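A quick write-up on the structure given underneath.
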Amino acid sequence: MTVSKQPPTAEGEPKPLTMKDYTSETKVTWCPGCGDFALLAGVRKALAAMGKHTKDVVIVSGIGCSSNFPHFLTSYGLHSIHGRALPVATGVKLARPELTVIVAGGDGDGLAIGAGHFLHGMRRNLDLTYVLMDNEIYGLTVGQASPTSLMGHQTKSTPEGVIEHPINPIALAITAGATFVARAFSGDNKGLSELVQQGIEHKGFAFIDTMSPCVTFNKWNTYDWFKERVYNLSDQGHDPTNLQAAMARALEFPTLGNDKVPIGLFYRNTSKPTYEELEPALRKGSLLTRPVDFPDRESVLKEFY
Amino acid sequence: MTVSKQPPTAEGEPKPLTMKDYTSETKVTWCPGCGDFALLAGVRKALAAMGKHTKDVVIVSGIGCSSNFPHFLTSYGLHSIHGRALPVATGVKLARPELTVIVAGGDGDGLAIGAGHFLHGMRRNLDLTYVLMDNEIYGLTVGQASPTSLMGHQTKSTPEGVIEHPINPIALAITAGATFVARAFSGDNKGLSELVQQGIEHKGFAFIDTMSPCVTFNKWNTYDWFKERVYNLSDQGHDPTNLQAAMARALEFPTLGNDKVPIGLFYRNTSKPTYEELEPALRKGSLLTRPVDFPDRESVLKEFY
Amino acid sequence: MDKLLSGLPWLVRRNDLREGTSPPLRGAGWDGRSTMTRHELTLRAGGKAGDGIASLGDTLARTCSRAGLHVGAYNHYQSVIRGGHVWYHVRARADEVLSAGDGIDVLLALDQLTIDTHARWMNPGGVILFDPDKTKVAPEQIAPTTATPLGIPLAALAKQHASDPIMRNTVGAGAALYLSGLPKELTEEMLRQAFKRKGDEVVASNINTLNAGYDFAKEHGAPLNLELATSRKKRLLMTGNDAIALGAVASGCRFAAQYPMTPASPIMHWIASHASAYNVIFKQAEDELAAINLAIGASYAGLPSMTATSGGGFSLMVEAFGQAGMLEVPLVVVEVQRCGPSTGLPTKTEQADLDMVKGASQGEFPRAIIAPLNIADCYTAIHEAFTIAERFQVPVCVLSDLYLGEHWETVDPEAIDLQLPLDRSTTILSQIPASERPYLRYKFTPDGVSPRVVPGVDGGQHVASTDEHDEDSTLIGDVLAGLPQAIDVRVRMMEKRMRKLVGIAKVFKQPTLWAPPGVDAGHAKLTVVCWGSTQRVVREAVTELCHHGASIATLELRNLLPFPAATVSDLLSKAHKTMIIEGNYTGQVERLIREQTGLSIPHHYRKYDGEPFYPSDVRAAIKEVL
Amino acid sequence: MDKLLSGLPWLVRRNDLREGTSPPLRGAGWDGRSTMTRHELTLRAGGKAGDGIASLGDTLARTCSRAGLHVGAYNHYQSVIRGGHVWYHVRARADEVLSAGDGIDVLLALDQLTIDTHARWMNPGGVILFDPDKTKVAPEQIAPTTATPLGIPLAALAKQHASDPIMRNTVGAGAALYLSGLPKELTEEMLRQAFKRKGDEVVASNINTLNAGYDFAKEHGAPLNLELATSRKKRLLMTGNDAIALGAVASGCRFAAQYPMTPASPIMHWIASHASAYNVIFKQAEDELAAINLAIGASYAGLPSMTATSGGGFSLMVEAFGQAGMLEVPLVVVEVQRCGPSTGLPTKTEQADLDMVKGASQGEFPRAIIAPLNIADCYTAIHEAFTIAERFQVPVCVLSDLYLGEHWETVDPEAIDLQLPLDRSTTILSQIPASERPYLRYKFTPDGVSPRVVPGVDGGQHVASTDEHDEDSTLIGDVLAGLPQAIDVRVRMMEKRMRKLVGIAKVFKQPTLWAPPGVDAGHAKLTVVCWGSTQRVVREAVTELCHHGASIATLELRNLLPFPAATVSDLLSKAHKTMIIEGNYTGQVERLIREQTGLSIPHHYRKYDGEPFYPSDVRAAIKEVL
Ligand SMILES: Cc1ncc(C[n+]2csc(CCOP(=O)(O)OP(=O)(O)O)c2C)c(N)n1
Ligand SMILES: Cc1ncc(C[n+]2csc(CCOP(=O)(O)OP(=O)(O)O)c2C)c(N)n1
Ligand code: SF4
Ligand code: SF4
Ligand SMILES: [Mg+2]
Ligand SMILES: [Mg+2]
């Protein structure tokens with residue numbers, strides 16, 4: 001059971017990184033055809049293209065099929081508990097702003113049990129990249145409705161069909177204050193890895209809602225279903241710096257109906273400072289090796305006299 | 001310490017109800033001038049105007065200054081734990097759809113610890129009325145930043161000022177799927193009680209974000225601050241049935257800046273069925289006195305053979 | 001160091017500082033005993049997730065049950081959807097099945113790993129069914145057990161008869177049926193029922209495939225030396241989760257909210273799929289915090305309500321568990337334990353959440369914990385839980401575990417009474433009786449239970465509050481707390497609530513000793529304590545040991561809180577020698593017993609590897625102490 | 001029934017079925033003893049929330065401290081912002097102050113309720129300061145205590161000298177200073193410092209107002225018969241929360257996340273307001289779930305991290321507490337207990353969350369619990385907590401309580417060492433040493449602690465996981481769980497983690513007996529067990545009783561888990577007679593002791609009314625047993 005995870009490049013001549021440098025020896029355990037493979041490839045590709053050293057990347061996930069994600073990369077990873085990937089990642093990033101921190105997880109993880117953190121994680125505008133592996137179902141727990149399951153979806157927990165309005169992750173992310181909001185599709189590898197790379201490069205909270213079909217438990221939102229509906233925002237001249245326009249596009253799916261599923265970049269705001277930039281204790285950079293900064297003893301204690 | 005809570009009217013001649021019928025003998029413990037008084041008056045007035053019997057009304061709250069709300073009314077009440085008013089109220093309403101259920105609580109209660117339930121409570125579109133007593137601060141815990149505190153607000157927990165984008169409750173509620181979304185202001189008693197009454201009358205989830213100044217701990221968002229900024233949506237010809245327009249108005253405060261604070265009805269959708277209407281087990285009405293409906297023994301057990 | 005260690009009774013000391021060595025390979029249950037004619041059958045089918053092992057196992061288990069045998073079955077699976085190694089184990093006999101047993105009679109191997117792993121546990125005379133086109137059985141793999149390998153072209157036959165390689169499992173099932181001497185017609189009938197919606201062709205292809213396997217085995221192999229006394233007795237084949245779900249509804253549960261979590265999800269699936277038919281509202285919540293609070297709201301409003309989860313989910317319910325205690329709202333929480341800590345081994349079993357449930361939530365309030373002993377007892381326990389919750393207005397936890405929740409046992413239909421009464425005498429649903437006017441929600445009463453009104457009843461208006469309150473439910477923490485009059489109320493309210501424990505203890509059945517026929521339980525040489533799902537396998541091991549001359553009784557704990565301290569103290573202090581067997585590392589019930597009675601149990605066998613107990617291991621552990 | 005009750009050791013039986021009667025009015029601490037010249041001063045000021053009682057009390061307490069006296073002070077308040085009855089209690093003397101004491105020397109009443117409630121606890125010779133324009137003291141209110149009422153026109157003087165009625169408190173402070181014989185100049189200096197930012201005029205009006213009260217008292221009253229040995233010793237006046245906050249930062253805490261909750265919020269306020277100056281990141285989280293997970297993330301990334309909360313918040317941290325255990329990430333959680341259950345009495349004290357913290361989270365993993373004994377010990381305890389968390393990579397809980405967290409005591413500056421070392425020897429911050437290559441995050445080691453690397457270090461890449469894992473951190477639950485090789489890893493990993501308890505127990509200080517001078521602790525007639533904040537008042541009561549001839553020792557428990565069972569067992573089994581005093585209903589440490597040692601403590605005094613222990617009550621309870 002020993003897998004050695006080698007960093008992509010070390011000393012000597014810098015050589016260009018490839019996806020392989022990010023590929024761990026752990027066998028990927030997803031079902032053949034699972035949409036999550038595309039995102040995995042996309043992240044590997046983006047990291048390689050950006051030349052990020054595996055030692056400086058931390059992938060944080062929750063629990064779910066999708067949350068096994070970090071095991072399949074050679075970087076640092078933290079496979080946390082269900083729904084808490086965002087606060088854990090926030091802690092990592094605040095402690096070590098110099099690291100590249102990516103959060104990966106499922107729609108249940110992020111939008112059901114993690115819904116509160118979803119909002120609060122985004123309104124902080126930390127420089128995190130959050131890839132949601134959105135399959136509109138609970139995969140690992142073998143097929144219950146998720147917050148993005150469409151009305152009428154019959155699942156193990158909703159045998160007569162879902163009767164709740166699905167959550168709209170894009171609209172939510174924009175409302176919450178994420179400064180890079182995109183939708184990707186696992187059937188479009190190229191677009192996906194480009195969005196991931198842009199997301200990582202973006203300084204601020206980047207959210208990428210990835211339509212990632214679960215071939216085992218979701219018989220509705222299949223690749224074909226999406227292929228019939230997706231269109232690319234950039235083909236429609238959408239201006240991602242326009243908040244109102246972004247919100248209007250966001251409401252197309254799933255709020256207003258399922259006929260069209262826009263993919264691509266909805267919204268980007270590059271003018272907002274990140275949380276790290278505003279955090280007073282980080283003015284001097286990461287605290288890892290900085291000791292407590294007490295002035296003389298009397299100054300510390302005088303308030304207690 | 002004994003307070004007798006009398007129902008407003010009983011047998012005999014029906015007489016018109018007044019606010020007094022909803023006024024319990026428990027002394028209101030809020031600070032003089034607290035914005036929450038206006039909402040209390042508004043709810044009493046609305047209930048009286050609608051002639052709701054106190055026995056059929058349940059007020060559910062969390063924990064916070066505002067969450068003491070139910071104690072000041074003569075109806076049924078459930079003063080729950082911090083952040084869980086919505087799921088508790090959802091349980092009450094599902095169990096007993098014939099009751100009028102009102103949820104009351106603070107911005108911390110609803111949007112920090114309760115943020116996940118906020119989204120999920122609303123996407124269900126149960127026939128609940130949620131009055132948020134939004135003072136942009138934590139009152140009961142003596143003055144920390146809340147999710148609606150504006151950037152720069154110096155509080156006990158943010159001595160150098162808030163550095164997070166505030167949550168926009170109106171935009172959030174619309175995004176989440178609430179079908180009646182309004183903002184009221186404690187400095188406008190009449191508008192407030194009208195909105196509350198419309199909210200209760202609305203069949204579906206009604207959310208009323210009430211700007212309710214905390215005179216003790218919030219020295220920024222005072223009555224005067226609001227008075228200088230509020231304007232009424234109805235004066236601007238806003239069409240509450242238009243989702244996109246509602247969202248555009250919602251983004252004015254606090255997302256786009258603090259110069260204008262629209263109040264009134266942002267959004268109303270009367271065409272969406274409520275959760276109760278869609279719930280199969282409620283087709284025959286409340287289950288309170290309906291026994292388990294087993295067919296004959298063999299039919300129940302045959303699946304186990 | 002030794003002194004320090006002796007100060008850490010919750011450390012297993014045996015292996016403490018062991019470094020680099022493996023524990024003895026227990027866990028799969030074979031201790032090499034040999035039998036000639038066997039009166040029971042053990043089948044195991046293994047392969048990869050996705051190979052259809054579960055449905056194959058289910059088919060075989062139900063065939064045995066319909067043949068009038070007692071059955072025990074367990075599906076071993078992984079926490080991934082595809083690819084991990086899974087195996088399904090069935091044991092069938094004329095007498096009750098108390099565990100998975102030891103050893104395997106028929107091993108159906110759908111892949112090489114199944115052979116490499118499970119061949120070692122074959123019973124003498126057993127047969128390994130394998131596909132020689134894809135896998136092989138090496139001589140040294142069967143030598144120690146004298147099992148016979150029987151090659152059968154599973155894939156080829158599946159392709160031929162069903163043109164679908166996944167149907168290998170059906171070929172295998174046919175062969176297993178022949179070897180075991182089970183009535184094939186029963187299986188055929190099952191397939192007919194299962195596939196009739198898919199049309200005659202599908203039915204025919206399934207039956208043909210089954211027969212292909214059957215015929216091949218008939219031609220190339222020989223039936224095992226088994227004598228299975230089949231009968232016409234019709235029994236239910238249920239899991240603990242089934243029994244809890246059905247039992248809850250039969251007890252009067254009208255509202256259930258849950259968030260998916262292995263191994264509690266099947267309770268949800270069952271209730272969800274029967275909810276509208278049986279007049280139950282089921283709601284999948286956004287998380288466990290919501291699930292329990294939904295149930296509290298519904299219960300407050302008047303519906304008997306429950307939620308179910310596993311340890312991680314219960315962690316999130318802790319605060320609201322205390323809320324129910326303070327509001328005095330009836331609540332049933334089913335906690336199906338799995339192997340921890342944290343995410344742990346999500347598909348494996350353990351009994352290690354008692355400490356959490358026992359201490360759950362800040363402050364002190366009355367609660368009850370019931371750990372059902374077996375599957376029929378799950379049905380009884382959930383009914384007791386609802387009865388106590390409603391009667392005493394307290395939160396009650398039914399503490400099950402993955403093994404109990406997910407394994408199948410045959411249950412006599414007589415054990416399932418669908419007309420269960422629910423004592424709602426302390427709830428006012430329509431009118432406040434004259435004796436209760438003016439109505440006081442938290443009235444001080446001798447037994448601590450105050451008549452509870454539900455909204456909608458006139459005259460009962462009040463505000464139930466999680467802040468400390470007076471009899472009439474007004475708060476005492478906001479104006480006068482700390483002053484004499486408020487202190488008085490606080491103290492009396494606290495005592496009122498805690499008095500409920502007396503009443504619960506009174507209705508709780510007291511534990512008694514059990515011993516196999518022929519052994520005088522009161523004078524046994526050894527008393528073995530166990531609790532929850534461990535009861536069955538301990539009984540089996542004890543019975544076998546007593547059959548060979550030992551004198552052993554069992555003390556089987558089920559109602560853990562309020563703890564039956566007087567009875568347990570009495571029984572244990574009279575015992576010659578005592579030992580405890582439980583499925584955790586720190587001896588949670590051993591410590592509970594000491595906490596509540598002061599009595600120490602000197603010997604233990606604890607298991608924390610995620611696997612259920614095997615009778616051979618239990619026998620070995622007991623023998624060390626005898 | 002009796003038998004049943006005896007089976008419920010966690011039920012207080014005394015008052016069980018009492019119905020309709022009030023408990024004896026203890027709780028405010030007066031047992032009628034009389035003193036002539038007193039060597040200590042007790043001041044109490046009462047009024048409505050918003051009357052400025054807290055700042056008045058703080059001024060008086062600091063004046064006493066600056067006068068070189070030992071001080072203890074406590075602010076009694078309600079869970080509303082305005083209007084509830086609040087009172088502030090100060091006790092000052094030359095010797096250490098171990099509790100609030102019994103009785104009141106000077107009562108400053110800003111409203112009638114203060115007189116009506118607190119007059120009964122006046123010491124003989126005490127003075128009640130009241131405003132005759134608004135309130136009155138009835139003769140029967142002072143008769144039993146022979147206290148003197150001194151009317152002083154608080155409102156009128158405030159209006160006259162400060163034109164602000166809120167300044168009544170300053171008038172009262174002046175009068176109290178005179179009566180107590182405290183050096184007024186110190187108070188004047190404090191006012192000068194406090195208001196200098198607001199300008200000379202404000203300073204002058206404050207000082208004038210103070211003097212108006214002082215002069216009025218001088219003219220119309222007489223100083224109390226006190227001998228207070230003031231000194232020039234400079235001490236710190238701190239709360240337990242102060243000590244924990246400062247101690248955390250001094251210990252090397254670089255990250256703190258918290259969600260507001262009484263009584264833990266002051267820790268947050270202190271850290272937040274010093275964070276950027278002292279190089280600490282403070283983050284107010286959206287809830288307690290986030291707070292603890294933020295801290296876990298930051299700790300994983302390499303910063304010593306903590307969170308703090310009260311019981312309700314800890315309820316929400318339960319799942320992540322286990323996560324830290326499984327990930328083996330150092331974590332410090334401060335739990336400042338308040339009066340439960342559920343929301344309970346949010347501003348009142350209790351010691352009733354131990355059961356929760358002890359059992360927190362599903363499954364089993366090593367943890368430590370430290371319950372500091374007093375305010376200086378809070379400083380030591382938080383340092384120990386960080387040391388153990390970092391050294392052993394475990395979650396550690398510092399279990400404080402509202403009384404400890406919020407009351408003030410003078411602390412000798414020598415007790416506050418700002419240069420605290422932090423043992424980070426098991427953390428790799430820069431380069432993987434050759435001995436650790438290839439790097440294994442969860443390497444099996446003799447003491448169970450595996451060198452931990454932080455991200456950014458090359459060669460240390462791995463995935464820390466809450467699923468059960470192998471030494472190199474690969475999962476074992478997704479493919480092979482239940483197979484022999486995986487079972488082996490599981491068992492060894494479980495044992496590796498649990499071995500840490502041995503190491504922690506070794507560095508934990510063992511408890512010893514204490515007795516007042518002149519009493520031989522080892523041969524005392526009675527040994528009184530106490531824990532956490534109850535230590536101080538028990539020492540005071542025991543000292544006084546021994547002064548009058550009794551022979552009593554104390555056993556003061558602080559390090560609760562891993563429990564020092566061998567030492568406690570040894571000490572208790574040698575004791576003549578034992579008794580335990582704790583602030584809860586069910587005897588949580590009494591049960592812990594029995595659980596861990598098998599020893600029962602036959603006598604107890606338990607308190608669950610939300611108020612701190614008073615020495616007279618403790619003495620009375622001990623006397624019943626003597
Ligand atoms: C507290 C808690 N509750 C429930 C679970 C069980 N659980 C594991 S994964 C999961 C949801 C999986 O769905 P999703 O997040 O959408 O991920 P997917 O498997 O679809 O990728 C749940 C409910 C858990 N691990 N912890
Ligand atoms: C689990 C939990 N965490 C924290 C608290 C403490 N607490 C009580 S009220 C409150 C927030 C108050 O703010 P808000 O909800 O805005 O209400 P307000 O007092 O401003 O009306 C907090 C954090 C609690 N009661 N329970
Ligand atoms: S179950 Fe669905 S989400 Fe999970 S691995 Fe398989 S296809 Fe992917
Ligand atoms: S503290 Fe603020 S919110 Fe609370 S009662 Fe006072 S004014 Fe209202
Ligand atoms: Mg999913
Ligand atoms: Mg607020």
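This structure is a prediction, so every number in the text was calculated from the model and none was measured.
- Contact count versus chain C (heavy atoms, under 4.5 Å) is highest, among B:Val300, B:Asn68, B:Thr29, for B:Val300.
- Judged purely by atom type and a 3.5 angstrom limit, B:Ser212 uses its side chain to pair as donor or acceptor with the backbone of B:Asp36.
- Rounded to the nearest 0.5 angstrom, B:Tyr138 OH and B:Phe217 CZ are separated by 14.5 Å.
- The distance from the CD atom of C:Gln323 to the CD1 atom of B:Ile81 is 4.0 Å, given to the nearest 0.5 Å.
- In this structure, OH in C:Tyr259 is found 10.0 Å from OG1 in C:Thr309, a value given to the nearest 0.5 Å.
- The shortest non-hydrogen separation linking C:Phe365 to C:Ser361 is CE2-CB, 3.8 Å.
- Chain B forms the most heavy-atom pairs under 4.5 Å with one residue out of C:Val454, C:Leu429, C:Val411, C:Leu327, and that residue is C:Val454.
- Atom CD of residue B:Glu276 and atom CG of residue B:Leu126 lie 4.5 Å apart, to the nearest 0.5 angstrom.
- Residue-level contacts of residues 95-112 of chain B with chain C, in order of numbering, are B:Ala95, B:Arg96, B:Leu99; threshold 4.5 Å between heavy atoms.
- In B:Lys272, the NZ atom is crowded: over 12 heavy atoms of neighbouring residues, nucleotides or ligands sit closer than 6.0 Å.
- Ranked by heavy-atom pairs under 4.5 Å with chain C, the first of B:Val60, B:Thr289, B:Leu94 is B:Leu94.
- Heavy-atom contacts from other residues, nucleotides or ligands closer than 6.0 Å to NZ of B:Lys27 number 12 or fewer.
- For the residue pair C:Asp472 / C:Thr474, a side-chain donor-acceptor distance below 3.5 Å is found, with atom types taken as modelled.
- Proximity to chain B at a heavy-atom threshold of 4.5 Å picks out C:Leu246, C:Val249, C:Ala250 from residues 245-252 of chain C, in numerical order.
- Of residues 271-280 of chain C, those residues lying under 4.5 Å from chain B by any heavy-atom pair are C:His274, C:Ser276, C:Ala277, C:Tyr278, C:Asn279, C:Val280.
- Atom CG of C:Leu475 is separated from atom CG of C:Leu480 by 11.0 Å, given to the nearest 0.5 angstrom.
- Only the side chain of B:Tyr275 comes within less than 4.5 Å of a heavy atom in chain C; its backbone stays farther off.
- Interatomic distance, C:Tyr379 OH to C:Leu420 CG, rounded to the nearest 0.5 Å: 4.5 Å.
- Interface remark: B:Lys284 contributes side-chain atoms only to the contact with chain C (heavy atom separation under 4.5 Å).
- By the 4.5 Å heavy-atom criterion applied to side chains, C:Gln284 and C:Gln258 are not counted as neighbours.
- Interface residue B:Leu282: only side-chain heavy atoms are found under 4.5 Å from chain C.
- With 3.5 Å as the limit, one finds a donor-acceptor pair spanning the side chains of B:Asn125 and B:Thr179.
- Of the listed residues (B:Leu301, B:Leu287, B:Leu288), the greatest number of heavy-atom pairs within a distance under 4.5 Å of chain C belongs to B:Leu287.
- Between C:Ser305 and C:Ser299, the shortest heavy-atom contact is OG-N, 3.4 Å.
- Of the two parts of C:Pro304, neither the backbone nor the side chain holds a non-hydrogen atom closer than 4.5 Å to a non-hydrogen atom of chain B.
- Interface check for chain B: of the options C:Met326, C:Lys283, C:Arg66, C:Arg235, the most heavy-atom pairs under 4.5 Å are formed by C:Lys283.
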Practice problem: Report the C-alpha distance between C:Thr63 and C:Met190 in whole Å, list the side-chain angles of each, state the deciding distance to 0.1 Å, and finish with yes or no for side chain to side chain contact (heavy atoms under 4.5 Å, CB included). | Solution: CA-CA 8 Å; C:Thr63 302; C:Met190 278 175 62; 3.8 Å; yes

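- Residue C:Gln419 does not touch chain B at all, counting heavy-atom pairs closer than 4.5 Å.
- Neither the backbone nor the side chain of B:Leu86 comes within contact range of chain C, judged by heavy atoms closer than 4.5 Å.
- For the set C:Ser65, C:Pro455, C:Ala464, C:Ala301, the entry with the most heavy-atom pairs within less than 4.5 Å of chain B is C:Pro455.
- Contact count against chain B (heavy-atom pairs under 4.5 Å) is highest for C:Leu289 among C:Ile296, C:Thr410, C:Leu289.
- Remark: B:Glu303 CD is packed, more than 12 non-hydrogen atoms of other residues, nucleotides or ligands lying under 6.0 Å away.
- Using a 4.5 Å cut-off between heavy atoms, C:Leu422 makes no contact with chain B at all.
- With sequence neighbours excluded, the residues that form a side-chain hydrogen bond (donor to acceptor under 3.5 Å, both in side chains) with B:His79 are B:His71, C:Ser465.
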Exercise. Report the C-alpha separation of C:Glu471 and C:Lys443 in whole Å, then their side-chain angles, then the decisive distance to 0.1 Å, and conclude whether the salt bridge (charged side-chain N to carboxylate O under 4.0 Å, His left out) test is met.
Key: CA-CA 5 Å; C:Glu471 283 186 280; C:Lys443 188 171 168 178; over 6 Å; no

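- Proximity to chain B (any heavy atom under 4.5 Å) is shown, for C:Ala291, by neither the backbone nor the side chain.
- Side-chain contact, B:Thr54 with C:Gln461: a donor N or O sits under 3.5 Å from an acceptor N or O.
- The aromatic rings of C:Tyr442 and C:His462 sit perpendicular, their planes meeting at an angle over 60°, well past the 30° parallel limit.
- Contact annotation for C:Phe282: only backbone heavy atoms (N, CA, C, O) come within less than 4.5 Å of a heavy atom of chain B.
- For B:Arg283, the CZ atom sits in a packed shell: over 12 heavy atoms of surrounding residues, nucleotides or ligands are nearer than 6.0 Å.
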